[in-house]
2 protein chains.
Amino acid sequence: MSRSNPRVLSTLERAGGFASAQEVYRLMQREGESIGLTTVYRSLQSLVNDKIVDVLRRDDGEAIYRLCGESHHHHLVCKSCGETVEIEGGAIEKWAQLIAEEHGFRDVGHTAEIFGICKKC
Amino acid sequence: MSRSNPRVLSTLERAGGFASAQEVYRLMQREGESIGLTTVYRSLQSLVNDKIVDVLRRDDGEAIYRLCGESHHHHLVCKSCGETVEIEGGAIEKWAQLIAEEHGFRDVGHTAEIFGICKKC
DNA sequence: ACGGTAATGAAAATCATTTTCATTTGTGAT
DNA sequence: ATCACAAATGAAAATGATTTTCATTACCGT
Ligand SMILES: [Mn+2]
Ligand SMILES: [Mn+2]
Ligand SMILES: [Zn+2]
Ligand SMILES: [Zn+2]
């Protein structure tokens, strides 16, 4: 196992939200940093193991990473124009946790999205 | 766009839980059915569009498919072994509707998944 | 039968991710 | 500083799922 290259973490921080390994790599290239794609993958995996970074999957299957501890939230998205509202989980957080515990699951996470047609559309 | 090959749906039914496209394909091969992998992919994709099957992603990123029941439901999935429990929306249905209305959205839908590690893993 | 459209599948292309492996770098002891 | 050894690095090749191409075949209405 290898330890995470600090420049990878720093780049992921700078990226803001979620970013894939490929995106982190391209970002570093663009900023003139010399690094191999392999090292980016290895570093991100290591950060996930250490629970410094969350990983989940895009619809297309690509893995995307983000720093843990950024506030957890969900999205309300307009199917027509794409306008997005960030919303707090509220009741859903408890619901997910409760359901999971009822079935004996641990290490619980969840995803939730609401979509519809916004006022303007 | 193509319509789903009925033998693909039939195989997915017979498979029981979730199965990937590759698995459905291998299953059909083993049972002597003559079909192309491309057709399996196309059929599953079509079934997803028609909301006859659910699709989600394994930890390794491979897409897995399963017949969905006729009633709207959500999933509690083990990240390790893939075991899946169907759960009722309950609180989340109201939550999604309420949040959407607060922001003036109509024609509201939602997605929600809970994941974690099951008892056996 | 004829003409057009949809379905099929083999092969090649794509693309993220992993593996290999040779090279470089860091560390710690002598 | 020199040596030895372990860890980190990255280029290139391998992997594996999914998509695309494209030529062939099955199907349907007239
Ligand atoms: Mn939440
Ligand atoms: Mn629901
Ligand atoms: Zn809108
Ligand atoms: Zn499990």
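All chains are named by letter (A, B, ...) in the order of the sequence lines, taking the proteins before the strands, and each is independently numbered beginning at 1.
- More than 12 non-hydrogen atoms from other residues, nucleotides or ligands lie less than 6.0 angstrom from CG of Asp50(B).
- Heavy atoms of Gln22(B) sit under 4.0 angstrom from at least one base atom.
- Listed candidates were dT9(D), dT19(C), dA7(C). Nearest to the side chain of Thr38(A) is dT19(C).
- The pair Arg7(A)-Glu31(A) does not count as a salt bridge, with every side-chain nitrogen at least 4.0 angstrom from each carboxylate oxygen.
- Picking from dG10(D), dT18(C), dA17(D) the nucleotide with the shortest atom distance to the side chain of Tyr41(A) gives dT18(C).
- Distance CG (Leu9(A)) to P (dA8(D)): 16 Å, rounded to an integer number of Å.
- One interatomic measurement links the two molecules: CD of Gln45(B) to C1' of dT18(D), which rounds to 10 Å at whole-angstrom precision.
- Ring pair His110(A)/His72(A): centre-to-centre distance below 6.0 Å.
- Between the C1' atom of dG10(D) and the CD atom of Gln29(A) lies a distance of 11 Å, rounded to the nearest Å.
- Here the nucleotide nearest the side chain of Ala21(A), chosen from dA12(D), dT17(C), dA11(C), is dT17(C).
- Here the side chains of Ile35(B) and Tyr25(B) are in contact, with some heavy-atom distance below 4.5 Å.
- Contact annotation: Asn5(B) side-chain N/O to dA7(C) OP1/OP2 distance is not under 4.0 Å.
- Listed here is the closest heavy atom pair of Ala21(A) and Val40(A): O-CG1, 3.6 Å.
- Taking atom CZ of residue Arg7(A) and atom C1' of nucleotide dG10(D), one finds them 12 Å apart after rounding to whole Å.
- Here Ser34(B) lies in heavy-atom contact (under 4.0 Å) with sugar-phosphate atoms only.
- Checking dT18(D), dT8(C), dT17(C) against the side-chain heavy atoms of Glu62(A) singles out dT17(C) as nearest.
- Relative to the side chain of Ile35(A), the nucleotides dT17(C), dA10(C), dG10(D) differ in distance, and dG10(D) lies closest.
- Both Leu37(A) and Arg42(A) lie close to DNA chain C; mapped to their nearest nucleotides by heavy-atom distance, the more 5′-ward contact belongs to Leu37(A).
- Per the geometry, OH belonging to Tyr25(A) stands 16 Å off P belonging to dT18(C), to the nearest Å.
- Atom pair Leu44(A):CG and dT18(C):C1' shows a separation of 14 Å (rounding to whole Å applied).
- Whole-Å rounding puts the Arg26(B) CZ to dA17(D) C1' distance at 10 Å.
- Counting only heavy atoms from C-beta on, Arg57(B) has its side chain closest to dT18(D) among dA16(C), dT18(D), dA12(D).
- Nucleic acid contact for Asp60(A): none, since no nucleic acid atom lies under 4.0 Å from a heavy atom of the residue.
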